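Input: a single structure, listed below in structure tokens.
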Amino acid sequence: MSGEPILQVSELCKSFGNLAALNRVSFHIAPGEILGLIGPNGAGKTTLFNTISGLYHPDGGQVAFKGQSIGGLSPHAICKLGMSRTFQVTQAFEHLSVAEAIRIGAYNRHGERGVEAKVRETVAFFGLEKIQDWKCSDLGLAPLKRVEVARAAATDPELLLLDEAGAGLNASELAELMEMLKTLRRKRDMTLCVVEHVMPMVMGLCERIIVLDYGELIAEGTPEMISKNEKVIEAYLGRRSKR
Amino acid sequence: MRRNSRGSWLLAIALAAVAAALPLAFLRNQYNLILLTTVALYGVLTSAWNIIGGMAGQLDLSAGAYLGLGAYTTATLLLRWNITPWVGMFAGGVVAMGFAFLVGFPLFRFRIREVWYALSSSALVVVLQVVFLLWKQVGGPMERLLPSASFSLYNLRFQSYLPYYYIMLVLLLATLFIAYRIRTRRLGYYLLALGDNEDAAEVLGVDARGSKLKALVIYAFLVGITGGLYACIYGFVHTSFFSPTISMEVAILGIVGGLGIIYGPLLATVILVTGRELLRAGLGGRLQSLYLVIYAVVLILIALLRPRGLASLLGAWRKERR
Amino acid sequence: MIVNILQSVADGALMGCVYALIALGLSLIFGVLNIVNFAHGDFVMLSMYLTFWASTYLSLDAVFTPLITIPLLFGLGVLIYYSIIQKTLRERFVVQVAVTVGLMTFLRAFAQLVWEARPRALKFSIIQGNFPLGPFTVLLSRLISASLSIVAVVAVAMFLKYSWLGRSIRAASDDADAASLMGVNIRWTYAFAFAMGSALTALAGGLLMTFQQVDPTMGLRFGLLSWCILALSGLGSISGLLISGVIVGVAEALTVAYWEPRARSLIVYLIFVVILWLRPRGLFGRK
Ligand SMILES: Nc1ncnc2c1ncn2[C@@H]1O[C@H](COP(=O)(O)OP(=O)(O)OP(=O)(O)O)[C@@H](O)[C@H]1O
Ligand SMILES: [Mg+2]
């Protein structure tokens, strides 16, 4: 778990009008780790994911993936390099079935030959056999979230960004999800970066955590260190009194 | 699943055979042959439209542009350099394709709002119409007549509509086959995903611009070829071939047929265009325009009552029977 | 030479004001209901025919026909809203297009049926004649049409800004859900906006008939023209709308005078396409 970072973000900036949603954010992700990204509502976590994955054009700074600069590349090109993501607000393909949605991801690394097998394997891995022929528009929130993880995993990414994949799940669903993510890392050598508000999930899953607040990185460390960090506690609790 | 798909193939082949045998029923009646040819022609246009409009969800209103380009290319090649329309229509397809590329390349750069795509594609038809009106060497305000031999295989000139019908039928089957191939392969899935949610598709490795461009270019090619045939059937080319009305009609038939369903647009075409033409023939004289009034009302009603298209009727019926 | 150019510019600018009036109706419908109305130009065409009809059979001057046609078109707007448009509000974009293109086909075929394909024009209007304006002369009818259009556009802008109804229309256009929470009757507001957008074409149609003829295929031209103006101006800017109308009118007039009369639509649509390629949000747009 050493050597070159798989993702290196330096001095990344992104603003909407005069709101600096990301202000000179720098961090790295090491190959094979599970990195947690936390922060209060509106801290800029989703914006960070959007900028890294190519949906937003960065206003400044660099993003390097496996040593190659990817700032300004389109999302599909970044996906081809081996990075995919899920969305906080689920983005379903309403007219596709679950299996078809996964197929979209599976085509990333497979031609017509291998795609069927990849879809079947992914469906099995995520336990979606029962609902594989359902239309995505008919799914509830929990299965929808799982399909999002499944279709992103089907692209065989080396780095997978998960934006609140656990939000809205009950305890047993959450435990299942955490198991799957751990297996993904172990068996598929995927590196994960998870944004979560659900603290047990962050604490149980991540080896390292970084904290965003008002678009700035305010802390980095192990879960224990973060849970004791004054700045973090203040960011979460003292937000109102501060401003 | 397998058996079902074999059944569909058998049904498709049976229907194609019926279509091929249909003219035998009224060989002597040129009017009916014209009708059949018209329906087949519209069938090609709407089925090709389904690739860009139905699968990729881009509401394209520029069929007339590619139709006109195909027709003028074919006619110009024949009139100036005596190149046979058999070659000319493919050249027309290629020219239409090139033009589509020029249009799509900048337009698909941004995620252009669907209304603006629709409107600009509609405007392009008028732009081309005027360009050919002003372009004296190739177009101009008058019709350009093709060589009027009574029969010439080389010039694709026949005395009867029968050969045209069969050529159009072959083109129709080819178009349906291409649409089917696309639908069941990577490009088709990509287009459907893009039509639903472009961001989600992109982060799964779907090249939005490239996929849409492919769809647009294939559609333009097919419509361009049809344009070449269109010119031969009419025996002339005119700037009215660049018709915004035909372009919109093609799109509407595609929509009321059922977006993205291979046989949907064809189904709508067969029913509605046949009905329209029969109505037109039935209502002579002063009431001529009544057929369009009725046609429009029917289109509106279908769109309101069956927003998923006519094919959804068939789907529901099949489900009930199973 | 310079005088000639200025003459064309003046003619085009006057025409452009009427275009802006037409586009205002469309912008209301598109901005508030978020419906893509392909039939808008055909409402103009219909208004022009109704003007022709009213002035021929009721011996009204074209300038006064709007007194009749505005209520007619308003009523038609309400009717069409409740019978057709309302049902498409929650449908996908393509269904809306299918319906409004159907409506467009219907209106055109209807005009052909009733008035036949021949172009119709009025022989006389009290606002005929020329009007010397410094070094050039303008048609009195155009000058008055343009003035009335500007007055109407400004009046609508004031109405939207200051009246209670206007404010609820704008609220509905910004955020329908929030507006309905605040007690705005969305259905009713939508119907009113659609009818008002249609009624504006009645005024424009009457004005146009004082110096122009009408035929059933004109709808498409006016429709695309007003979409072009809307693309130029973007949504939500009344002065932008007027400026864009004038830009389009002047471009047309210059093309007719110095290049080729038949190329006038070419120039408009080229502006349209280029704007979409370069500035998808319009020149003055807010959203
Ligand atoms: N497309 C946008 N346009 C304008 N402002 C935006 C946009 N997206 C995000 N913002 C703003 O940027 C800031 C950061 O938002 P972001 O969604 O990244 O926060 P977040 O950390 O993901 O919050 P949450 O925990 O609620 O998901 C917020 O103030 C938000 O309002
Ligand atoms: Mg977020």
Side-chain angles (χ1 to χ4, degrees), chain B residues 53-54 57 59 61 103 105-107 109-131 133-134 141 244-245 248-249 251-256 259 286-309, chain C residues 30 34-36 38 83-84 87-88 90-117 216-217 220-221 223-225 227-228 230-231 259-260 262-278 280-282:
Chain B
L59 192 91
L61 298 176
V103 172
F105 195 71
L107 268 187
R109 183 167 45 130
F110 312 112
R111 196 155 322 154
I112 185 168
R113 260 190 84 171
E114 37 198 3
V115 359
W116 301 121
Y117 179 81
L119 289 162
S120 66
S121 66
S122 185
L124 275 172
V125 181
V126 188
V127 167
L128 279 183
Q129 188 176 44
V130 179
V131 165
L133 189 71
L134 299 178
T245 322
M248 290 188 190
E249 198 181 354
I252 294 209
L253 287 171
I255 296 168
V256 297
L259 291 173
R286 177 89 167 83
L287 286 179
Q288 258 261 303
S289 340
L290 190 60
Y291 85 93
L292 265 183
V293 175
I294 298 174
Y295 183 59
V297 170
V298 171
L299 286 178
I300 294 176
L301 283 180
I302 297 178
L304 284 181
L305 301 178
R306 274 277 142 194
R308 305 252 153 245
Chain C
F30 183 52
N34 208 8
I35 282 273
V36 178
F38 273 83
S83 59
I84 298 177
K87 299 194 170 63
T88 68
R90 299 235 171 267
E91 281 300 339
R92 287 164 309 162
F93 170 73
V94 283
V95 177
Q96 298 177 356
V97 171
V99 167
T100 59
V101 172
L103 189 59
M104 170 181 150
T105 316
F106 176 83
L107 291 175
R108 183 188 300 182
F110 179 77
Q112 262 164 13
L113 188 66
V114 178
W115 290 286
E116 293 161 20
T217 59
L220 187 71
R221 187 174 106 80
L224 283 177
L225 202 72
W227 278 109
C228 171
L230 212 58
W259 183 30
E260 165 71 56
R262 287 170 301 186
R264 70 176 188 180
S265 46
L266 182 68
I267 217 71
V268 174
Y269 300 145
L270 281 181
I271 296 177
F272 182 43
V273 172
V274 169
I275 281 290
L276 289 186
W277 284 350
L278 300 182
R281 261 158 225 274

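Here is the naming used below: chain letters follow the sequence lines, and residue numbers restart at 1 for every chain. Remember, it's a predicted structure, so these values are computed and weren't measured experimentally.
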When the 4.5 angstrom heavy-atom criterion is applied to B/Leu59 and chain C, the contacting part is side chain
So CD1 of B/Ile252 and OG1 of C/Thr105: to nearest 0.5 Å the spacing works out to 5.5 Å
Using heavy-atom distances under 4.5 Å, tell me whether B/Leu253 contacts chain C through its side chain, its backbone, both, or neither. neither
More than 12 heavy atoms from other groups under 6.0 Å of CZ on C/Phe30: yes
Contact origin within C/Leu107 toward chain B - heavy atom pairs under 4.5 Å: neither
Atom pair CH2 (B/Trp116) and CH2 (C/Trp227), whose distance is rounded to the nearest 0.5 Å: 5.5 Å
Nearest non-hydrogen partners of C/Gly102 and B/Ile300, listed with the distance: C-CD1, 3.6 Å
How long is the straight-line distance from CG of B/Leu133 back to CZ of C/Arg262, given to the nearest 0.5 Å? 4.5 Å
Working to the nearest 0.5 angstrom, can you tell me the gap between C/Phe38 CZ and B/Leu119 CG? 4.5 Å
For C/Arg108, is it the side chain, the backbone, both or neither that has a heavy atom under 4.5 Å from a heavy atom of chain B? side chain
Select one option (side chain, backbone, both, neither) describing which atoms of C/Val36 are under 4.5 Å from chain B's heavy atoms. side chain
So which of C/Val97, C/Val95, C/Val94 has the biggest tally of heavy-atom pairs under 4.5 Å with chain B? C/Val94
Could you have a look at B/Leu304, B/Leu299, B/Val103 and say which one has the most heavy-atom pairs with chain C under 4.5 angstrom? B/Leu304
Under 4.5 Å from any heavy atom of chain C - which part of B/Ser121: neither
Heavy-atom distance under 4.5 Å to chain C: side chain of B/Ile255, backbone, both or neither? side chain
Rounded to the nearest 0.5 angstrom, the CG-NZ distance for B/Leu305 and C/Lys87 is 8.5 Å
Of all pairs that satisfy side-chain hydrogen bond (donor to acceptor under 3.5 Å, both in side chains), the ones with a partner from residues 92-103 of chain C, not counting sequence neighbours: none
Scanning both residues in full, the closest heavy-atom pair of C/Ala109 with B/Leu292 reads CB-CB, 3.4 Å
Pick from C/Phe110, C/Phe93, C/Phe106: which one has the most heavy-atom pairs with chain B under 4.5 Å? C/Phe93
Which bit of B/Leu128 is near chain C, if near means a heavy-atom gap under 4.5 Å: side chain, backbone, both or neither? neither
Please identify, among B/Leu124, B/Val297, B/Val131, B/Leu259, the residue contributing the most non-hydrogen atom pairs under 4.5 Å to chain C. B/Leu259
Between C/Leu224 and B/Ala123 the two heavy atoms that sit nearest each other are CD1-CA, 4.3 Å
List the atom pairs, with distances to 0.1 Å, where a side-chain N or O of residues 268-276 of chain C and a protein N or O form a donor-acceptor pair under 3.5 Å, not counting sequence neighbours.
none

Shortest non-hydrogen pair, B/Val130 vs C/Ser265, comes out as CG2-OG, 3.6 Å
